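Below is one structure, written out as C-alpha cells; the observations come after it.
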Amino acid sequence: QVQLVESGGGLVQPGESLRLSCTASGISFRLSTTGWYRQAPGKQRELVASITSAGATNYADSAKGRFTISRDNARNTLYLQMNSLKPEDTAIYYCYHVRTGTWGQGTQVTVSS
C-alpha cells in the first residue's frame, strides 16, 4: 500500500521552530522528486520546498533562508525544518511524491501569539 504520513505540526509562537516529518510506505523517496506543499484557508495549495532524487533542493521565496528540506533514505523519511516561523506560515502542510502522484493527509501548522 502506497502511503505518506506527515507529523510534527502544532501550535507555535512567531519566531519559533518546527520540524515536519513525512514517512513513506510502499514507495521510495530517494527515487523521486518529493516536496512539501501548504494550503492556508481560502488559498490555493502552494509549493514550499522540493528535493530531487539527486538531492537538489528548491524553495519558494517565502521559505528561503528559513526552511530546510532534507531526506533520510535509510528511514524513507522526508523532513522540513522550519525556523523563524511567522503567522503567515499558518497552513496545512502536505508532502508529495511526484513519481507516484501520492499526497499525504497533511499536518496543521499554526503560528500565533
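Computed from a predicted structure; not experimentally measured.
- Panel note: side chain Thr90, backbone Val111; a donor-acceptor pair is recorded below 3.5 Å.
- Closest approach of Ala49 and Leu80 over heavy atoms only: CB-CD1, 4.2 Å.
- The salt bridge (Lys or Arg N to Asp or Glu O under 4.0 Å) analysis of residues 12-36, with sequence neighbours excluded, yields no pairs.
- Under the 3.5 Å distance criterion, the side-chain polar atoms of Arg45 are left unmatched by any main-chain donor or acceptor of Ile92.
- Judged by distance alone, with hydrogens and angles left aside, the side-chain atoms of Glu6 form a donor-acceptor pair with the main-chain N or O of Cys95 at under 3.5 Å.
- In this structure, Ile27 is not a member of the same hydrophobic cluster as Tyr37, with clusters built from ILVMFWY side-chain heavy atoms closer than 4.5 Å.
- Although no hydrogens or angles enter the test, the distance criterion places a donor-acceptor pair under 3.5 Å between the side chain of His97 and the main chain of Ser28.
- The heavy-atom pair separating Leu4 from Ala24 by the smallest distance is CD2-CB, 3.6 Å.
- In the hydrophobic clustering of this structure, Leu78 does not group with Val5; members are Ile, Leu, Val, Met, Phe, Trp, Tyr whose side-chain heavy atoms approach within less than 4.5 Å, directly or through other members.
- Across all non-hydrogen atoms, the minimal contact from Gly9 to Val109 is CA-CG2, 4.1 Å.
- Residues that satisfy the side chain to side chain donor-acceptor pair (under 3.5 Å) test with Lys64, not counting sequence neighbours, are Asp61.
- Taking OG from Ser112 and CG from Leu85, the interatomic distance works out to 12.0 Å, rounded to the nearest 0.5 Å.
- Atoms OG1 and CZ, from Thr77 and Phe29 in turn, are 7.0 Å apart once rounded to the nearest 0.5 Å.
- Sorted by first then second residue, the salt bridge (Lys or Arg N to Asp or Glu O under 4.0 Å) pairs that include residues 79-108, not counting sequence neighbours, are Arg38-Asp89, Arg66-Asp89.
- Here the closest heavy-atom approach between residue Ser113 and residue Pro14 is recorded as N-CD, 3.7 Å.
- The shortest heavy-atom contact between Ala63 and Val48 is CB-O, 3.8 Å.
- Between Tyr79 and Trp36, the closest heavy-atom pair is O-NE1, 3.2 Å.
- Note: the hydrophobic cluster containing Leu18 also contains Phe67 (ILVMFWY, side chain heavy atoms under 4.5 Å, direct or indirect links).
- Of the possible polar contacts, one joining the Tyr59 side chain to the Ile69 backbone as a donor-acceptor pair under 3.5 Å is found.
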| query | Passes side chain to side chain contact (heavy atoms under 4.5 Å, CB included), Gln81 versus Ser17? Steps please. | reply | CA-CA 7 Å; Gln81 178 67 43; Ser17 299; 3.9 Å; yes
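- Judged purely by atom type and a 3.5 angstrom limit, Arg75 has no side-chain atom pairing as donor or acceptor with the backbone of Thr23.
- One finds the CD atom of Gln105 at 8.0 Å from the SG atom of Cys22 (value rounded to the nearest 0.5 Å).
- Linking ILVMFWY residues whenever their side-chain heavy atoms come closer than 4.5 Å, directly or via other members, places Ile51 and Tyr93 in the same cluster.
- One hydrophobic cluster, built from ILVMFWY side chains closer than 4.5 Å, holds both Trp103 and Leu47.
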